Amino acid sequence: MENKFDKILVTHEEILQICKRLGQQISEDYKGKELVVVGMLKGGAPFMMELIKNITVPLTIDFMQISSFHGGVTATNLVFKKDIETNVCNKHVIIVDDIVDSARTIAEVMRLFDTRKVASIEVACLLDKPSGRLVEFNPKYIGTTVPDAFVVGYGLDYKEYYRNLPFVAILSEEVYKND
Ligand code: IMP
């Protein structure tokens, strides 16, 4: 898969700054508390790994995976693939994801955690794409807002590629125009 981008939206340096700022904010907000940080696989993993280095309150980590796939032109189905192993009853939970776009995935995850009697639950995302919303949802911790474009890098993929890029970029239409 050839690396073809229209524009770098968030540089590596900016991502490190975002993780520092959000880490400080979370450390302040959860002072005296213990946290369970839940990363959404696969896209949320790189952001989560950098973010937790900047959080100073005691925490444990776990992972969850929900995949979305397009079953036809319009319908998108969510498939639950992996659950956490931690008992989160009465715990403070932060879900970490790469991007909140339609918010369908995160809405599903919030519904699930509601049934688990958590003490509190919030969402931290590297990117917010409000123009993509199909479900109303406002993440508490947002790295930065992106325009209505398909972005890749720092966990975000196109056909499983580009997750390793140290920055976030708009993928060139040339790459996917014949799909
Ligand atoms: P949702 O639309 O908010 O449910 O987003 C579900 C998942 O789709 C995200 O966690 C990403 O992994 C993926 N996704 C959404 N928008 C983009 C994008 O612009 N580029 C790459 N992946 C995306």
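What you are looking at is a predicted structure, and each value in this text was computed from that prediction instead of being measured. Position 1 is the first residue of the sequence, and the numbers go up from there. Just follow the structure's listing: the first ligand is 1, and inside any ligand the first atom is 1.
- Annotation: atom 8 (O) of ligand 1 to nearest protein heavy atom, Ser68 OG, 4.4 Å.
- When heavy-atom distances to ligand 1 are checked against a 4.0 Å cut-off, Leu134 has no atom that comes that close, whether in backbone or side chain.
- Residue contacts with ligand 1: Ala103 is placed with a nitrogen or oxygen under 3.5 Å of a nitrogen or oxygen of the ligand (distance criterion only).
- Among all non-hydrogen protein atoms, the one lying nearest atom 13 (C) of ligand 1 is Ile99 CG2, 4.2 Å.
- Classified by interplanar angle (parallel below 30°, tilted 30° to 60°, perpendicular above 60°), the ring pair Tyr141/Tyr30 is tilted.
- In this pair, Tyr154 and His12 present their aromatic rings tilted. The plane angle is within the 30 to 60° band.
- Heavy atoms from both the backbone and the side chain of Ser102 come within less than 4.0 Å of ligand 1.
- In terms of protein heavy atoms, atom 10 (O) of ligand 1 is closest to Asp98 OD1, 2.8 Å.
- Nearest heavy-atom pair across Phe113 and Met64 is CE1-CE, 3.7 Å.
- Here the protein heavy atom with the shortest distance to atom 15 (C) of ligand 1 is Asp101 OD2, 3.4 Å.
- Note on Ile106 and Val36: same hydrophobic cluster, where clusters join Ile, Leu, Val, Met, Phe, Trp and Tyr whose side-chain heavy atoms are under 4.5 Å apart, directly or indirectly.
- Within the structure, ligand 1 has Asp97 among the residues with a heavy atom less than 4.0 angstrom away.
- Of the heavy atoms in Asp157, only backbone atoms (N, CA, C, O) come closer than 4.0 Å to ligand 1.
- Note: the hydrophobic cluster containing Val123 does not contain Ile52 (ILVMFWY, side chain heavy atoms under 4.5 Å, direct or indirect links).
- When heavy-atom distances to ligand 1 are checked against a 4.0 Å cut-off, Val151 comes that close through both its backbone and its side chain.
- Heavy atoms of other residues, nucleotides or ligands lying less than 6.0 angstrom from CD of Glu160 number more than 12.
- Crowding of Lys7 atom NZ: a count of heavy atoms from other residues, nucleotides or ligands under 6.0 Å not exceeding 12.
- Taking 4.0 Å as the cut-off, Ala149 counts as a neighbour of ligand 1 on heavy-atom distance.
- For the pairing with Phe63, the side chain to side chain contact (heavy atoms under 4.5 Å, CB included) check across Met40, Lys42, Met48 returns one residue only, Met48.
- Under 4.0 angstrom from ligand 1, the non-hydrogen atoms of Lys129 all belong to its side chain.
- The protein atom (non-hydrogen) at minimum distance from atom 6 (C) of ligand 1 is Thr105 OG1, 3.2 Å.
- The protein heavy-atom contact nearest to atom 22 (N) of ligand 1 is Leu156 CD2, 3.6 Å.
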Full working for side chain to side chain donor-acceptor pair (under 3.5 Å) between Asp128 and Thr145: CA-CA 5 Å; Asp128 186 21; Thr145 301; 4.6 Å; no
